[in-house]
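Below is one structure, written out as structure tokens; comments come after it.
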Amino acid sequence: RSGHGTSNDLLVVDELFAIPEVVLDAGLLPTQRARPNPLAMFLSTAGTEDSKAFIRWRERGMQIIERGEPDRLFMCEFSPPGNADPTDRRYWHMANPALGMGHLTMQDIEDAFNSPNRDAFMRSDLNMWTAAAGAWLPPGTWEALTVDDDLPAGGTLSVDSDVTDLRYVGVRAVSLGENRIQVKTEFVVESQGAMWDAVRAVMEDKNVKLNLTPGLADICPPELAYRMTMVGTSELGRQTQLVRNMILEGLVTHSGQLSLTEQVNRAVAGRTTGGITLSSQKSPGPIEQTRCLVWSVGAEARPLGNVRKPMIGTSSR
């Protein structure tokens with residue numbers, strides 16, 4: 001039932017959010033390899049954190065849009081901003097292009113809103129990923145911090161990979177003074193070689209410091225090691241609450257990058273004995289850029305000491 005033994009010019013996969021990865025990758029898509037001009041069309045409402053195949057294809061689409069380069073994948077989405085308030089009627093039309101065409105009315109959406117299953121309303125009628133209801137930031141907080149300023153030189157670059165180690169990201173934060181910090185995603189690449197090339201390009205600025213997760217720190221090139229600090233779950237647990245408070249106070253700004261905004265809005269926090277930390281398991285999709293943001297902002301928020309270490313010198317006559 002998943003395409004084995006067929007050869008298909010056209011695939012129409014409806015409600016992609018419920019299709020397992022193995023069905024798509026090992027069953028359906030291989031049936032098009034021998035066709036001269038195949039087309040695969042995926043359609044879906046929003047999914048959940050279990051919609052692995054949908055999440056992966058959607059992430060790829062957003063990266064293509066952000067790069068602005070032609071690609072064989074075309075992505076189109078009707079949805080409100082990822083962190084919009086689902087009770088705000090001003091956003092409802094964004095997920096419902098059939099409004100005003102005789103097929104759907106605002107009363108239909110209002111009826112769905114008043115149904116007992118609010119999660120179903122958010123996914124089916126607003127095309128919003130439901131786990132965002134437990135997001136670490138209130139709706140609209142991150143979008144309100146968008147600025148047009150270029151990111152200054154220097155700062156801290158944090159690098160991480162997604163859970164499957166098939167994508168590497170780097171987020172740089174720079175202190176602007178007066179406790180204000182600006183952030184930017186410097187790169188999103190799909191191989192380790194491309195990641196180190198991107199890191200070296202950013203690190204040509206000798207004032208940039210580098211944060212790496214333990215696995216990447218073990219293979220850090222020697223020429224970068226002296227500017228490198230290892231970060232992980234411990235630092236994430238200590239810094240998440242601090243960075244969240246800074247964002248809520250309007251002290252962290254950004255340029256409105258699509259993929260960074262998407263991941264910041266979808267990140268869900270979990271409780272720890274010391275406060276909160278970001279949870280990949282609870283978040284409806286990858287949040288590696290959000291983790292890097294926390295590490296970089298946390299590093300830039302640390303005050304610089306003015307006291308120099310003592311030095312001992314000797315002299316002989």
Next on the checklist: Taking ring pair (Phe, Tyr, Trp, His ring centres under 6.0 Å) as the cut-off, I'd like each qualifying pair that reaches into residues 22-67, sequence neighbours left out, listed once.
Outcome noted: Phe42-Trp57, Phe54-Trp129

Any non-hydrogen side-chain atom of [X] less than 4.5 Å from a side-chain atom of [Y]?
X	Y	value
Pro286	Ile55	yes
Ser259	Ile65	no
Met230	Glu235	no
Ser280	Arg291	yes
Thr233	Thr277	no
Val159	Thr213	no
Phe121	Leu126	yes
Leu210	Val199	yes

Next on the checklist: Using the rule given for side-chain contact (heavy atoms from CB on, under 4.5 Å), can you reason through Ile247 versus Trp136, listing the C-alpha separation, both sets of side-chain angles and the distance that settles it, and then say yes or no?
Outcome noted: CA-CA 11 Å; Ile247 293 173; Trp136 71 315; 3.8 Å; yes

Gap separating the [atom1] atom of [X] from the [atom2] atom of [Y], nearest 0.5 angstrom:
X	Y	atom1	atom2	result
Leu212	Ser158	CG	OG	8.5 Å
Ile181	Thr156	CD1	OG1	8.5 Å
Phe113	Trp92	CZ	CH2	5.0 Å
Met101	Thr105	CE	OG1	14.0 Å

Checklist entry - What are the two closest non-hydrogen atoms of Leu248 and Thr141, and how far apart are they? => result CD2-CG2, 4.0 Å

Checklist outcome for this item: Between Trp142 and His254, the two heavy atoms sitting closest are O-NE2, 2.6 Å

Checklist entry - With sequence neighbours excluded, what pairs up with Glu249 under the salt bridge (Lys or Arg N to Asp or Glu O under 4.0 Å) test? => result none

Item to check | Partners passing salt bridge (Lys or Arg N to Asp or Glu O under 4.0 Å) against Asp14 (at least two apart in sequence or in another chain) | outcome: none

Can [Y] be reached from [X] by stepping across I, L, V, M, F, W or Y side chains whose heavy atoms are under 4.5 Å apart?
X	Y	result
Met62	Phe17	no
Met122	Met94	no
Val189	Val202	yes
Val147	Val243	no
Leu236	Val264	yes

Next on the checklist: Which residues pass the side-chain contact (heavy atoms from CB on, under 4.5 Å) test with Pro221, not counting sequence neighbours?
Outcome noted: Trp196, Arg200, Glu223, Leu224

Item to check | Asp205 side-chain N/O to Asn207 backbone N/O, donor-acceptor pair under 3.5 Å | outcome: yes

Checklist entry - Are any side-chain N or O atoms of Asn127 and backbone N or O atoms of Ala46, one a donor and one an acceptor, separated by less than 3.5 Å? => result yes

Checklist entry - Taking only residues at least two apart or on different chains, which pairs with a member in residues 168-180 satisfy salt bridge (charged side-chain N to carboxylate O under 4.0 Å, His left out)? => result Arg172-Glu186

Next on the checklist: Taking salt bridge (charged side-chain N to carboxylate O under 4.0 Å, His left out) as the cut-off, I'd like each qualifying pair that reaches into residues 22-45, sequence neighbours left out, listed once.
Outcome noted: Asp9-Arg35, Asp25-Arg56

Could you check whether [Y] and [X], counting side-chain N and O atoms only, form a donor-acceptor pair closer than 3.5 Å?
X	Y	result
Thr31	Asn8	yes
Glu77	Ser79	yes
Arg244	Thr240	no
Glu143	Thr261	no
Arg58	Ser44	no

Checklist entry - When you look at Gln63 and Leu258, which way does the side-chain contact (heavy atoms from CB on, under 4.5 Å) test go after all the steps? => result CA-CA 8 Å; Gln63 291 169 26; Leu258 179 63; over 6 Å; no

Item to check | Thr146 vs Ser255, side-chain contact (heavy atoms from CB on, under 4.5 Å): CA-CA, chis, key distance, verdict | outcome: CA-CA 5 Å; Thr146 305; Ser255 60; 5.8 Å; no

Checklist entry - side-chain contact (heavy atoms from CB on, under 4.5 Å) between Glu300 and Val183: does it pass, once the steps are laid out? => result CA-CA 10 Å; Glu300 288 298 289; Val183 299; over 6 Å; no

Is the [atom1] atom of [X] crowded by more than 12 outside heavy atoms at less than 6.0 Å?
X	atom1	result
Met41	CE	no
Asn117	CG	yes
Tyr226	OH	yes

Checklist entry - Any salt bridge between Asp150 and Lys184, counting N to O under 4.0 Å? => result no

Item to check | Electrostatic pair Glu59-Arg266, nearest N-O below 4.0 angstrom | outcome: yes

